[in-house]
Structures are given as C-alpha cells and as structure tokens.
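Notes follow the structure.
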Amino acid sequence: MNLRMPDELQEALKQRAEEEGRSMHAIVIQAIERYLVEEADRATVRKLGAKYAAKHADLLRRLGE
C-alpha cells in the first residue's frame, strides 16, 4: 500500500517523527491502530445506546415530559 498525503502533512509528520526519535511509518501505524480501536468503541456505544433506548423508550419519554 502506498500512502499519499499533502506535502504540508508529510513535512509535519517528518518533523514529529524526528522530534520523537521514531519513524514516520511507526507513527502512521499507531495512528491507524488508535483510529480502528476508537471507531470500534464508538460502534459499540451506538449499538448499546440504541438497544437501551428502545428497551427504556417509555421511561425516556416520561423523563422528557
């Protein structure tokens, strides 16, 4: 896989990598891993929210009155 990004973003990534003493590759991999975990968590929260909203719809309606 090739990753293309705007020159400004690549330069910022390069500078960050140098500051941290890490490779650009390592930083990109970490960012992707974080993204995937966070999105999986968001999906879980949405699913549970929908489940409990449906289960407790009457209570939620009464609380909103």
Side-chain angles (χ1 to χ4, degrees):
M1 176 181 139
N2 291 321
L3 178 64
R4 292 177 178 79
M5 64 182 77
D7 291 341
E8 305 83 35
L9 184 58
Q10 185 168 347
E11 186 57 35
L13 177 60
K14 181 179 178 183
Q15 288 177 356
R16 174 63 58 177
E18 288 172 0
E19 290 170 6
E20 294 181 11
R22 300 170 60 199
S23 69
M24 292 192 306
H25 175 82
I27 292 173
V28 170
I29 293 298
Q30 181 183 28
I32 292 169
E33 288 172 343
R34 281 185 187 167
Y35 170 80
L36 293 173
V37 167
E38 288 175 10
E39 287 304 309
D41 288 349
R42 283 187 186 103
T44 300
V45 168
R46 281 191 298 272
K47 182 178 177 182
L48 289 173
K51 174 183 175 182
Y52 287 102
K55 182 176 181 179
H56 301 288
D58 187 55
L59 173 62
L60 292 170
R61 181 190 51 77
R62 286 185 284 147
L63 287 171
E65 293 177 352

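Shortest non-hydrogen contact noted between S23 and A17 is C-CB, 4.0 Å.
Here the straight-line distance linking atom CE of M5 with atom CD of E11 works out to 11.5 Å at 0.5 Å rounding. With rounding to the nearest 0.5 angstrom, the CG atom of L3 is 9.0 Å from the CG atom of L13. Rounding to the nearest 0.5 Å places CG of D7 at 11.5 Å from NZ of K14. To the nearest 0.5 Å, the span separating CZ on R16 from CD1 on I27 amounts to 7.5 Å.
I32 and V37 fall into different hydrophobic clusters, where Ile, Leu, Val, Met, Phe, Trp and Tyr side chains are chained together by heavy-atom contacts under 4.5 Å.
Cluster partners of L60, using a side-chain heavy-atom cutoff of under 4.5 Å among ILVMFWY residues and allowing indirect links: none. In the hydrophobic clustering (ILVMFWY side chains linked at under 4.5 Å, chained through shared members), L63 is joined by L59. Other cluster members for L48: Y52, joined by side-chain heavy-atom distances under 4.5 Å among Ile, Leu, Val, Met, Phe, Trp and Tyr.
Listed by first and then second residue, the side chain to side chain donor-acceptor pair (under 3.5 Å) pairs involving residues 24-42 are R22-Q30, E39-R42 (not counting sequence neighbours).
Annotation: side chain to side chain donor-acceptor pair (under 3.5 Å) contacts of R4 (sequence neighbours excluded): none.
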